[in-house]
Amino acid sequence: EATELSGSTVIDLDDIVLGEVRVARAKGANVQAALQPVQVNGVADHIRRVVRNLVDNAIRHADSAIRVSVYNNGHRAEVHVDNDGAPVPESDRIRVFHRFVRLDQARDRDRGGSGLGLAIVRELVLRHGGSVEATEAEDGWCRFRVDLPAAVDPPSTNGASAPRPASSRTIGNVGQS
């Protein structure tokens, strides 16, 4: 369950993810994105940090490509950050979220990272009432999956925008906008 977070508001998760995809592309990363609109209650800077850390981790460990997806599952929002590098070994899938952990394959690549990024992800996701896991996508890619409670009943305020449509958008590399 989420604790009361100072500065918590209803935020558009898909917009935050799209912003981080654009940052990664500006760094030269090959990132595909498929985003469904979904809102969550939380601190925008915390959620942005979660997504940024996961995307930066994917950039470090990808062979050549990254996929980022956002799903609206009614009362839950999911973010998947996949990369075509080796999945985290099953024996390390919990340990990888501990502070200062760098798996042997990460040290071999020597691409930076302090071993704090995924620990920060875990802490922030838990504060927002969610969960995070390292797993393997159906096609064998490395996947980090974040699950957060969706803002199913956002507070109504004067001048608030209408609920967002449930359509999805796929943002490939064409136009990179």
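Under the rule for a side chain to side chain donor-acceptor pair (under 3.5 Å), the partners of Asp82 that lie at least two apart in sequence or sit in another chain are Arg67, Arg143. A search for salt bridge (charged side-chain N to carboxylate O under 4.0 Å, His left out) contacts involving Arg52 returns Glu20, not counting sequence neighbours. For Arg145, the side chain to side chain donor-acceptor pair (under 3.5 Å) partners two or more places apart in sequence, or in a different chain, are Glu133.
No donor-acceptor pair closer than 3.5 Å links the side chain of Asn83 to the backbone N or O of Ile66. Side-chain atoms of Gln36 come within 3.5 Å of backbone N or O of Asn72 as a donor-acceptor pair.
When hydrophobic clusters are built by joining Ile, Leu, Val, Met, Phe, Trp and Tyr residues whose side-chain heavy atoms come closer than 4.5 Å, directly or via intermediates, Val51 is grouped together with Phe97.
To the nearest 0.5 Å, the span separating NE2 on His128 from OG on Ser8 amounts to 6.0 Å. In this structure, CD1 on Ile16 lies 4.0 Å from CD1 on Ile11, to the nearest 0.5 angstrom. For the atom pair CG of Leu54 and CG of Leu118, the computed distance is 6.5 Å after rounding to the nearest 0.5 Å. The CG atom of Leu126 lies 10.0 Å from the CG atom of Leu148; values are rounded to the nearest 0.5 Å. In this structure, Leu116 CG and Glu123 CD are separated by 12.0 Å, a value rounded to the nearest 0.5 Å.
Closest approach of Pro87 to Gly140, counting heavy atoms only: CG-O, 3.2 Å. Considering all non-hydrogen atoms of both residues, Val125 and Val132 come closest at CG1-N, 4.2 Å. Contact record, Ile59 with Ala24: CD1-CB, 3.9 Å, taken as the closest heavy-atom pair. Heavy atoms only, all atoms of each residue included: Val81 and Ala58 are closest at CG1-CB, 3.8 Å. The two atoms that bring Arg25 and Val31 nearest to each other are NH2-O, 2.8 Å, heavy atoms only.
Looking at Val79 and Asp147, their side chains never come closer than 4.5 Å, going by heavy atoms from C-beta outward. With a 4.5 Å cut-off on side-chain heavy atoms, Cys142 and Glu136 do not count as touching. Side chains of Val121 and Phe144 form no contact here, defined as non-hydrogen atoms less than 4.5 Å apart. Side chains of Asn53 and Asn57 form no contact here, defined as non-hydrogen atoms less than 4.5 Å apart. Counting only heavy atoms from C-beta outward, the side chains of Ile120 and Arg49 approach each other to under 4.5 Å.
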Start with the C-alpha distance between Ser64 and Asp84, add both sets of side-chain angles, then the distance that settles side-chain hydrogen bond (donor to acceptor under 3.5 Å, both in side chains), and finish with yes or no. CA-CA 7 Å; Ser64 63; Asp84 63 351; 2.8 Å; yes
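Counting non-hydrogen atoms of other residues, nucleotides and ligands closer than 6.0 Å to CZ of Arg48 gives a total above 12.
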